[in-house]
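Inspection log for the structure reproduced underneath, given as C-alpha cells.
All figures in this text were calculated on a predicted structure; none of them were measured in a lab. These values consider heavy atoms only, across backbone and side chains, with no hydrogens, waters or symmetry-generated copies. Order of the sequence lines sets the chain letters (A, B, ...), proteins ahead of strands, with each chain counted from 1.
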2 protein chains.
Amino acid sequence: MRARSHPQDEQHLTEQLGATGLRLTPQRQQVYDVLVGKQDHPTAEEVFIRAKKQMPEISHATVYNCLDALVKSGVARQVTVDRGATRFCPNMHEHGHFHCDTCGMVFDVDLPGELPGVALPRGFKPQRYEVAIHGSCANCAKEK
Amino acid sequence: MRARSHPQDEQHLTEQLGATGLRLTPQRQQVYDVLVGKQDHPTAEEVFIRAKKQMPEISHATVYNCLDALVKSGVARQVTVDRGATRFCPNMHEHGHFHCDTCGMVFDVDLPGELPGVALPRGFKPQRYEVAIHGSCANCAKEK
DNA sequence: TCAAGATTTAGAATAATTCTAAATACTCCC
DNA sequence: GGGAGTATTTAGAATTATTCTAAATCTTGA
C-alpha cells in the first residue's frame, strides 16, 4: 500500500512553493509523495529510484531540482548526519535525528523543547538548527 | 607564523591513537598539526593542500586515512553541516557549529550545557551528539 | 495565439571519497 | 642485526554524489 498525497497536501504544496516563487509540478508532487510515502530518510538516489516507479521518465537532475525546491519552500528538510549522500525528510515538526553508526539508518527523535539560548557572536543571525545524535539503534545495540 | 605542536600534543596523540590500536606516524602528526594550526574547519581537500606544503609527498588517500584515524581515536571531529565536502575540527570541547548559509564558513559556538534528556526509543544507545545552527554570520548579515 | 520565463530532460562534467596493489616502515622474535 | 608479519603510505584508478549544459517542453499572461 502506498500513501497517496491528500488534496490538502497538494494545496499546501502549491501554497508553500508559490510563496517561494515556484510552481507545483507533477514531478515535484511525485518527489514529495515519495518522501511522505516512506519516511526513512532516503538519499536523492533512493528518491530517484522510487519516483521512477511511478514516473519512469523522471530524470536525475529533476530529482535534485525538486528536492531543492521542496527544501527551499519549507516542506522538506535536508539531513546531513554523516559523510556520504545527503538524506531528505518531509517531517517539518521540531525534531532531531538519530544516526546509527552501525547500520547507517536515520531515525526521527523528539526534542525536549527549545534549544536553550546559545550565545552566538555579535551580529550572527540564526535561522534554524539541527540536532544529530550518533550511536547504535536498538537492533544494532542488541547484536553486539 | 605557524603553530607547531607541543610535546604534550605528541604524547597525547600517541596515547589516543594507541588506545585505538593505531600508531602515531609523521603523516598523522602532520595532518593533526594542520587542523590545530588553523581551526577554520577545512575540508579533506583543504587539509591535503595545507599538509602538502610541509610534506610534499603526502597523498590524498593518506589524508583521508589520517583524518579517519584522528576521528576514530577521539582527537578530532568530523563536521557535516551541509551537502558537499565534510569538514574537520580538532576542538574536542563540547561545542556546536554555526554554518553561514551565505558564505559557507563554519564557526564553533559554545553550547549552554548538557542537551536535556532526549527521549530515545527503547534500546537506542547514544554516544555523542552534534548541534548545527544555520543562518548568516556577522559579515554576511551586514551585507544584506 | 505568441512570447517569455520556468521546468524538465539526457547526458556530460565535476567534486568527493574509496579502493587497489605495490612499496615502505615498524615491531617482535630469534 | 636479520627476517617474518603487520601497519601504513603511495599513486592512480574507480566509484559515488552532485552539478552543469543545452535543448525540448510546458505554463502563463498579454
Side-chain angles (χ1 to χ4, degrees), chain A residues 10 13-14 16-34 41-52 54-73 75-76 78-88 101 104 106, chain B residues 10 13-14 16-34 41-52 54-73 75-76 78-88 101 104 106:
Chain A
E10 190 177 327
L13 274 184
T14 305
Q16 292 288 108
L17 285 164
T20 321
L22 301 167
R23 299 183 196 140
L24 176 58
T25 64
Q27 289 84 351
R28 285 174 183 162
Q29 175 82 61
Q30 175 63 45
V31 165
Y32 185 70
D33 285 354
V34 164
H41 305 88
T43 61
E45 180 64 19
E46 258 306 308
V47 172
F48 175 60
I49 291 168
R50 296 181 196 173
K52 250 185 131 135
Q54 302 291 120
M55 192 179 265
E57 351 62 53
I58 198 169
S59 89
H60 222 152
T62 299
V63 169
Y64 275 95
N65 176 353
C66 291
L67 288 167
D68 282 350
L70 296 174
V71 170
K72 274 212 199 84
S73 34
V75 295
Q78 206 175 309
V79 181
T80 50
V81 273
D82 199 12
R83 229 188 283 187
T86 301
R87 296 158 174 282
F88 295 86
D101 289 334
V106 176
Chain B
E10 190 178 325
L13 273 184
T14 305
Q16 292 288 107
L17 285 164
T20 320
L22 301 167
R23 299 182 195 140
L24 176 57
T25 63
Q27 288 85 348
R28 286 173 182 163
Q29 175 81 61
Q30 175 62 45
V31 164
Y32 185 71
D33 286 354
V34 164
H41 307 86
T43 61
E45 180 65 20
E46 258 306 308
V47 172
F48 175 59
I49 292 168
R50 295 181 197 172
K52 250 184 129 135
Q54 302 292 121
M55 192 179 266
E57 350 63 52
I58 199 168
S59 89
H60 223 152
T62 300
V63 169
Y64 275 94
N65 175 352
C66 291
L67 287 168
D68 282 350
L70 295 173
V71 170
K72 274 212 199 86
S73 34
V75 296
Q78 207 176 311
V79 181
T80 49
V81 272
D82 199 11
R83 230 188 284 187
T86 301
R87 297 160 173 283
F88 295 86
D101 289 332
V106 175

Atom [atom1] of [X] and atom [atom2] of [Y]: how far apart are they, to the nearest 0.5 Å?
X      : Y      : atom1 : atom2 : answer
T86(B) : R83(A) : OG1   : CZ    : 5.5 Å
T14(B) : Q29(B) : OG1   : CD    : 7.5 Å
T43(A) : R87(A) : OG1   : CZ    : 6.5 Å
D68(A) : Q78(A) : CG    : CD    : 7.0 Å

Candidates [options] - which lies nearest the side chain of [X]:
X      : options                   : answer
Q27(B) : dA7(D), dT9(D), dT18(D)   : dT9(D)
S59(B) : dA6(C), dT19(D), dA11(D)  : dA11(D)
A61(B) : dC20(D), dT28(D), dT10(D) : dT10(D)
T62(A) : dT9(C), dT27(D), dC26(C)  : dT9(C)
R23(B) : dT17(C), dG5(C), dA7(D)   : dA7(D)
E57(A) : dT9(C), dT8(D), dT17(C)   : dT9(C)

Which sits closer to the 5' end of DNA chain C, P26(A) or A85(B), going by the nucleotide each is nearest to?
-> P26(A)
Of E45(A) and V63(B), whose nearest nucleotide on DNA chain D comes first from the 5' end?
-> V63(B)
First encountered from the 5' end of DNA chain D, between R28(B) and A44(A) | R28(B)
Could you tell me the separation between the [atom1] atom of [X] and the [atom2] atom of [N], rounded to a whole number of Å?
X      : N       : atom1 : atom2 : result
D68(B) : dT17(C) : CG    : P     : 10 Å
Q30(A) : dT8(C)  : CD    : P     : 12 Å
M55(B) : dT10(D) : CE    : P     : 7 Å
R87(A) : dT16(D) : CZ    : C1'   : 14 Å
L24(B) : dT9(D)  : CG    : P     : 10 Å
N65(A) : dT8(C)  : CG    : P     : 5 Å
L22(A) : dG5(C)  : CG    : C1'   : 13 Å
E46(A) : dT16(D) : CD    : P     : 14 Å

Return no unless some side-chain N or O of [X] is found under 4.0 Å from OP1 or OP2 of [N].
X      : N       : value
Y64(A) : dT18(D) : yes
R83(B) : dT19(D) : yes
T86(B) : dT17(C) : yes

Would you say R28(A)'s side chain and R23(A)'s backbone share a donor-acceptor pair under 3.5 angstrom?
-> yes
